[in-house]
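The next block holds one structure in the form of structure tokens; read it before the comments.
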Amino acid sequence: MKLAFITGIGLLFIVALVASCQSDEQVEFNRYYSGGSVLYLAHCQNCHGEKGEGLQALIPPLTDSVFMKQNRPSLACYIKNGLKGKLSIVGREFEGEMPAAADLSPIEIAKVLTYVTNSFGNKQGLIDLQQVQADLKNCR
Amino acid sequence: MKNIICALIVIAFYSACKPGSGTTNTLPILGNREPVIKTVDGKQVTDTVYSTIPTFKFVNQYADTITNKSLDGKIYVADFFFTTCPSICPVMHRNMLNVYKEFKADDNFRIISHTIDPKYDTVPVLKKYADKMGISGNTWWLLHGTKEETYQIAKNYLVSVQEKNPQGEYIHDGYFILVDKQKRLRGTYDGTDPAQVTKLIADIKTLKTEPDQVAAK
């Protein structure tokens with residue numbers, strides 16, 4: 001019992017030590033990322049899947065890092081307004097419609113984008129609120 | 001000593017959770033049932049009549065007419081969906097794809113998916129959906145019929161489907177219904193839950209070995 005207590009304190013100490021070592025940016029990123037994972041589950045996962053794998057030729061996967069990079073300024077608009085028409089993702093053609101998630105706020109879009117663009121093999125770093133607000137102004 | 005007691009308690013709990021060893025390997029028969037008294041060889045015998053799926057007629061994605069007779073001698077799984085469904089259908093059919101892959105070589109097995117939006121989901125739309133899902137052959141039929149017929153047959157599968165709600169969404173539950181060769185309901189599974197769909201696959205294998213399934217043609 002006593003041993004467990006001491007081990008517990010020790011672990012807490014180590015966690016605190018590690019946490020204090022993280023830069024502010026890392027803390028910010030983690031906050032967006034973990035918030036985004038919850039939003040992904042609620043708004044995206046039904047169609048795009050737990051691992052961003054999509055569904056056959058019906059729903060595109062979220063694993064195309066090149067697409068994510070090239071379309072980075074448009075991603076917020078895709079979520080806010082939906083997406084319709086033809087897409088080429090990982091070399092495959094998709095045609096259909098993604099419903100708009102009009103009920104998501106800019107901060108929620110930033111969180112879910114940070115999650116998606118840093119999961120499933122993507123690694124783009126933080127997409128923050130300011131970025132999303134700027135991108136949303138340029139939606140076509 | 002304390003450890004041993006703990007271990008014993010854990011074992012006791014564990015064994016209490018295990019299904020009874022007395023149960024045989026058959027699935028329950030669901031739905032309403034009625035006793036009927038028949039006369040066999042001059043003696044009165046009480047038999048049980050189980051509710052079964054009534055006759056029906058729909059059209060599949062190849063524009064072929066599919067009736068209850070098309071499913072004679074086949075174990076099948078039924079569900080209800082529509083192609084533009086943004087919520088639970090992609091999950092359901094991602095899971096159903098596992099059932100399809102497992103049994104597509106078995107000609108005595110079918111999957112039928114009724115569209116509850118026949119106005120939009122015409123036969124060509126269903127065919128396109130099937131192509132995009134990567135399903136071919138006759139294992140998995142996507143069925144089109146009138147709204148009335150579809151909603152009526154849903155009741156026989158104990159599935160609830162309703163008209164569009166004020167938000168323009170269809171309300172339906174994501175159940176997969178297992179039906180045996182006598183067209184009796186043998187199980188319902190939440191099609192949005194991968195664990196339940198794994199159980200469905202196991203139950204189909206169990207059902208296939210039941211004597212009256214093996215005998216039925």
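Both backbone and side-chain heavy atoms feed into the values below; hydrogens, waters and symmetry mates do not. Predicted model only: the values in this text are computed from it and were never measured. Throughout, a chain's letter reflects where its sequence line sits, starting with A, and its residues are numbered from 1.
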Q: Quick one: list whatever passes side chain to side chain contact (heavy atoms under 4.5 Å, CB included) with A134(A), sequence neighbours left out.
A: none
Could you please show the donor-acceptor pairs under 3.5 angstrom between chain B and chain A, with distances rounded to 0.1 Å?
from, atom 1, to, atom 2, distance (Å)
S87(B), O, N46(A), ND2, 3.1
R94(B), NH1, N46(A), O, 3.2
R94(B), NH2, C47(A), O, 2.5
R94(B), NH2, G54(A), O, 3.3
K132(B), O, A57(A), N, 2.8
K132(B), NZ, E95(A), O, 2.6
M133(B), O, Q56(A), NE2, 2.7

(Q) Report which part of L58(A) has an atom under 4.5 Å of a heavy atom belonging to chain B: side chain, backbone, both, or neither. (A) both
Please tabulate, for the side chains in residues 152-159 of chain B, all donor-acceptor contacts under 3.5 angstrom to protein atoms that are two or more places apart in sequence or on a different chain.
from, atom 1, to, atom 2, distance (Å)
Y157(B), OH, Y76(B), OH, 2.7

Q. Looking at residues at least two apart in the chain, or sitting in another chain, which of them share a disulfide bond (SG atoms under 2.5 Å apart) with C44(A)?
A. none
